Each structure stands twice: as structure tokens, then as C-alpha cells.
Amino acid sequence: MNKRWVLKESDEQAVNELHQSLKINRTLCKLLVQRGITTFDEARKFFRPSLERHLYDPFLMKDMDKAIERIDKAIGRKEKIMVYGDYDVDGTTAVALVYSFLKDMYFYVDYYIPDRYKEGYGISDAGIDYAKENGFSLIIALDCGIKAVDKVARAKEIGVDFIIGDHHRPGEVLPPAYAVLDPKRNDCPYPFKELSGCGIGFKLIQALAISKQIPFRKVTKHLDLVAVSIAADIVPINDENRVLAFYGLKRLNRSPRPGLRSLIELNSHKKTLTISDIVFTIAPRINAAGRMDDAKEAVRLLISQEGFKAKENANILQERNTARKKIDSDITEEAHNLIETDPIAQQKKSTVLYQPHWHKGVIGIVASRLIESYYRPTVIMTLSNGVVAGSARSIKGFDVYNALKECSDLLDQFGGHKYAAGLTLKEENVPEFCKRFEEVVARTITKDILTPEITIDAILDLRDLNKHFYRLLRQFAPFGPTNMKPIFMSSNVTETGWSAVVGRNHLKLYARQNGSHSVKGIGYHMGDKYSYIADGQLFNLCFTVEENRYNGNVNLQMNIKDIKDTGPDHIISMRSLDGEIVAMPANLSEDEEAYDPTKANTVEDAMNRAPVGNDNQETTNTDKTNPPPTSETADAETKVVTETPVELVVATDNKHKANTENTPDIDADEDIETSIAEAS
């Protein structure tokens, strides 16, 4: 699949000033400026986040004082409190966090998660009835409820108060709750608007701790849950979320709660988990509870105190996820067959498929997997409780919500955002919807949008790729939206003669540039790109940098994202800070003087020219009887690396294999009363 390369531009004056201030590699300064960091103090906050200095006062959030007042009143009157949350990772972690904190100080508290299939997303009548029938007079709703105006009004009429803690965008009218905690309220002065639902729960217990003079350590012990929610819900990892994710990962890696520890032990052999590991490994298993059966199983795991019970609950989620993967894989294969056996479907600009027997819990995942193969807006539908339910996913630059809006006369309900949405319709309307949706997409989408885009952060000379550079780059973590793992481009590269296609069509590359040392790279499912590098040809490549651990050895390697030849027809785009895109030849160096080995713009630039895997200079090995220095064998591409970029949509060349193990199980809300997080 051909991909368009887009190179970010930076404010060069700001880069120069930051370089003078920090005295670190200029390329790293460029990455910081792209992230809005232009001063020494901003860089210090970025690299050294602090729980004491960099978390905002929770009482800045509108209605926080009212929420604390109502909880205090409930505790004083010994009212029963219900903690209510959505059935996805963000919702279940939020419920586990607030429930656990309250349970440590108060007896009369329980939790409730709606049934995905019987009750649907958000506040349900069944949940309100359960609260009334069982004597609950206060419901704390997390990760849902901001649009449940009628439901909350009904609860109020029968004597049940609500505290809403949500992070989705409100409607024109707020629900008549006792308190509404949502930074996206127009009248909320809270300085950071992008907390996860669990993050809202964290601010609530932080405020409770302040009001009751509870030690802060009893709040921060729940940060492992916050880190899981931030990763799974694909919220921006900047500002306060960066602080919470940074320390949440520390907690997760050093002393996670028993339930998360059991889940990690079942699924990861890595010493240090990253945001990507949560997205790829932990989150899908927590989500599987609600997808396949009962999301309360996820909460039971997350609040487990005893090791034995935690392992038992982790095994249940493991079984649910195994079943989910089998169903997911079967439906994806069936969907591929429907497309591949229909020549007309292959020529369309969209994918719209309906099978009444498909499992509603995985259709969103299947839609994402089909985008990996065909890269076009996709809607997958099934029959659920007599109504056709669908999950829509889009590609960068195309607004699937607007496309659904043009089909609204055929839909019963729809909701969502630019890149993900949910819909319901009558079965008799399915054929016309399939036709209409394709017409809308074909009329409004462009060829450029249908070409996957790789956004390149900076041009990097391979001579600059060394342990010192990587030690600083690693401190940019945790990576995620607004702080993605940087993608670099190197031009006019040659391979050393030791490159090969290995394993299941993977490209193992040994490359050098401008007389540099040999740098190893791995391109998964990129064996077809071997023709671009053979016979001493010059080529351009883009990649991320990571560590490869194998047989006790640790080496830097490039995780290759794409390879192009250096011909005049291969053009990349350059995106300026204001979003304007201009074309430039793919083999154009960013700053030729900066890469002249006889010159160095700064002492730091000269010091950074050290070989990969060694901070000291080494002689390039050209003797083919002894391969370039490396400890890996020919099948090393199958070994686990320390980081995989978190991406909403991953375009691959491998059309028919659904990688159910390694594709992020991104769980955007698929139902109607929701505002799905936009990720691009």
C-alpha cells in the first residue's frame, strides 16, 4: 500500500533558542518545539513532571465543591452510595478507583455497570430502578451521563441524586444533577480539558482527600488505574495527563494492585510496561468482560485485594478475551471474503457490510481491522435485539459523522465523532443505507485522503543515532496522542549487503548513510520492499527508534515504517505550523551543512556523532564473512521490542491477516448517548 510522507516543519528561531538554552541535540529541540515546549522551564516540566507541583487544584473544576458537599452529607446520614460507570476500560477503571477510595472510609457503598446488550451505553432506567429498589439515594456516575438529561430528571423525581463525572462534550442542556463535573462544560474554568473519565474520578477523590485531610499517598496509590484509562481511552498525553500517566506507569511497574498484577503476569514478559503495552495487552482483556459477558467482572478484578482472588478474576478475563479474539478473527475473515469475492465491493470508496449473526461486541474492532487492509471509511453492522446496530470507523481527513448525517433519514439514531461513530437503523433500510453511504463517500473523499499518511517529525542523519541520543529521546515518554513516538526520515541511505527477508515476510535491514556505521532496522511485513534496497541502490526510509532485547543483549534498532526510492517522482509533503502543505523532493536534506562530517555547528553536534550500540567510535565492518556487530539471529524480528507506537489506524501491506494479538483494541463508544474521543 502506497503511503504519503508528510514532514512537519518547526519554528526554526524557537528551535535555535531552545538549543542554546538546553545544549542538547538540535533534532530533539525540534521535537520539543513541535510539542509546544520553547523554554527551559517548560522543558523541565516536560522531562521532570511533579505530582506536587504540576497537578491542578481539583476545586477549580465547576461543581466540585457541591460534589464534595453531597458526598459528605451522604456519609454523615449513612446513605447508600452507588458508583456507576460505563462498561469500557475507562468506565470500569473509574468505578474501581472511586469505589475503592470510598470503601476505605465508608461502608455503605457499592458499584453498578450497565449491561452492554440489555441496557446500552450510559445511564439506564434499569440502573436507576436498581438504585431505588435497593435503597441507594446517591449515584456517582463516571465516564457517562453528561447527556442523560431525562434519565437524571427521572431519578431526581424518585429521590435519587446524581453526581455526574464525565469527560465527553455536553449537549445544549446539562442534566439536572446535584453536581456536574466535566471540564468541557462551557462554564467550567478547569485549565485542562482532556482528562479521561477515570481522570475525573481521580480529581474527585483528590478533592475528597483535601477536604478530609487524608494523606495524598492514599490518593496516588490509585494512579495505576488512571494510567490504564489514559492509554485505553486515547486521550492526549500532555499537561496534567502526562503527569498522571508518568506516575501511573511508575505505580503500574513497581507496585500495581493485585488484579492488574495478575493480568500483567498472564500476558507480559517485559520488565517495564509502556502506554503501548496497556493499549495492546492490558486494555483488550479488561474490555473483553463487557464485550463478551458482564463488565462487572472487570471491576471485580480491579478491586481484588487477595492474590488468589485476583488470579482467579484475571483468568476469567483471559478466557473472555480468548473467546473475543476467536469471534473477532472469524468475523474479520468472513468480512474479507465478502469483499474479495465481490469485484464491485473492491472498487468502492467505502466498506459497508451487514450480517445479522455477527457479534455486536466486536464489530467496532472488525471495522478497524478492515481499515488496516483497505484504508477507507468502514461501517460494520449486525442485528441486536431486533434492531440493526452499526459501528463506523474512518481514516485520517474524512469525517464519518458528517457522512452518516447525510444518511440520517435512514437511521433511527446515530452519534459519535469525526473518526468513530455508532448507529442504529431498521433492517429494511440496510440496502439503501449501504448505497447512500457509498455515494456520499465517493462524492466527498479525495485521492489524497485515501492514501495513508505517515507524519515525519524530523530528518535524522544516521550518524546521530547513538545511545546518548536515545537516552534523551526515551525521556519523551510516555508516548501517546499529542506526544506520539517520533518518526524520523533518513535520505540517500544504502544497505550494507547483509539485509534479508526473514520470517513471515519481514525485512531485516542493515543500513548506512554518508559513511556512517551500520544501523540495524526491522520492517514488519515489508519483505516486498527488498527490491528498493537491493544492489546498492539509494533509498529513503522513515522509522522510529527502539531497543531490541535478545539473549541478554540490548541494541538500538530502527522500526521501519516505510521505504521509498530516491527517484524524482517520489515526493513528500511538508506541513508548516499553520497546517499548509507544500511539496518537496523526498531526497532533499533538511540541512546539508549539519551533516557534513568535516563540520559541526556546535560541540554538542560533534559529540553526538557516535555509532549505534556504542558511545565510542568503531570501524565499519565490510567483511561479509563476519556480519555487522549484532547479537541477534535471523529470526530476531519475532522478539519483543520495548515500544510500539500507539496509533488509531495502522495501514499495512498485509491485506488478509487480521493480527488480533498486536492491533490496539481501541474501544470508542459505539452507542448513541456519547461523544466519541476524536483521535487523528
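Here the structure is a predicted model, which means the values were calculated and not measured.
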Q: What I want to check is whether the side chains of Gln346 and Tyr374 have a donor and an acceptor closer together than 3.5 Å.
A: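 Judged by distance alone, the side chains do not pair up.
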
Q: Ignoring hydrogens and geometry beyond distance, is a side-chain donor-acceptor pair present between Asn313 and Ser304 at under 3.5 Å?
A: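 Present: a donor and an acceptor within the cut-off.
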
Q: Please check if the side chain of Asn483 supplies one atom and the backbone of Gly480 the other of a donor-acceptor pair under 3.5 Å.
A: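 No: the side chain of Asn483 does not pair with the backbone of Gly480.
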
Q: Return yes if some donor-acceptor pair links the side-chain N/O of Ser329 with the main-chain N/O of Lys326 below 3.5 Å, else return no.
A: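 No, because the side chain of Ser329 does not come within donor-acceptor range (under 3.5 Å) of the backbone of Lys326.
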
Q: May I ask you to decide if Tyr117's main-chain N or O and Asn385's side chain share a donor-acceptor pair within less than 3.5 Å?
A: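 Present.
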
Q: Set out, in order, the CA-CA distance, both residues' side-chain angles and the distance that settles side-chain contact (heavy atoms from CB on, under 4.5 Å) for Lys426 and Leu410, then state yes or no.
A: CA-CA 8 Å; Lys426 296 178 178 61; Leu410 300 170; over 6 Å; no

Q: Would a distance-only check, ignoring hydrogens and angles, find a side-chain to backbone donor-acceptor pair under 3.5 Å from Asn253 to Leu273?
A: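 A pair under 3.5 Å: yes.
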
Q: What residues form a ring pair (Phe, Tyr, Trp, His ring centres under 6.0 Å) with His222, not counting sequence neighbours?
A: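 His222: no ring pair (Phe, Tyr, Trp, His ring centres under 6.0 Å) contacts found.
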
Q: I'd like to know if the side chain of Glu194 pairs up with that of Asn238 as donor and acceptor (distance under 3.5 Å, no hydrogens or angles considered).
A: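 There is no such pair (donor and acceptor under 3.5 Å, judged by atom type) between the side chains of Glu194 and Asn238.
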
Q: Is the NZ or CZ atom of Arg436 both under 6.0 Å from the centre of the six-membered ring of Phe433 and within 45° of that ring's axis?
A: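 Verdict for Phe433: no cation-pi partner in Arg436.
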
Q: Where the side chain of Arg376 meets the backbone of Lys348, is there a donor-acceptor pair that is under 3.5 Å apart?
A: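 Here the side-chain-to-backbone pair exists.
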
Q: Step through it carefully: locate the ring centre of His506, locate the ring centre of Tyr524, and say whether they are under 6.0 Å apart.
A: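 Distance test on ring centres: under 6.0 Å, yes.
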
Q: Do you know the tightest heavy-atom contact between Leu404 and Ala392?
A: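 Closest approach of Leu404 to Ala392, heavy atoms only: CD1-CB, 4.3 Å.
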
Q: According to ring pair (Phe, Tyr, Trp, His ring centres under 6.0 Å), who are the partners of Tyr112, at least two apart in sequence or on a separate chain?
A: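 Listed in chain order: Tyr84, Tyr130.
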
Q: So, Asp182 versus His167: side-chain donor-acceptor pair below 3.5 Å or not?
A: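 Looking only at side-chain atoms, His167 and Asp182 do not form any donor-acceptor pair under 3.5 Å.
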
Q: Could you note down all residue pairs passing salt bridge (Lys or Arg N to Asp or Glu O under 4.0 Å) where residues 443-452 supplies at least one of them, sequence neighbours left out?
A: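 Passing the test, one end in residues 443-452: Glu406-Arg443.
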
Q: Can any side-chain N or O of Asp224 pair as donor or acceptor with the backbone N or O of Pro256 at less than 3.5 Å?
A: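 No.
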
Q: Side chains of Thr332 and Asp328: any donor to acceptor distance under 3.5 Å?
A: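 There is such a pair between these side chains.
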
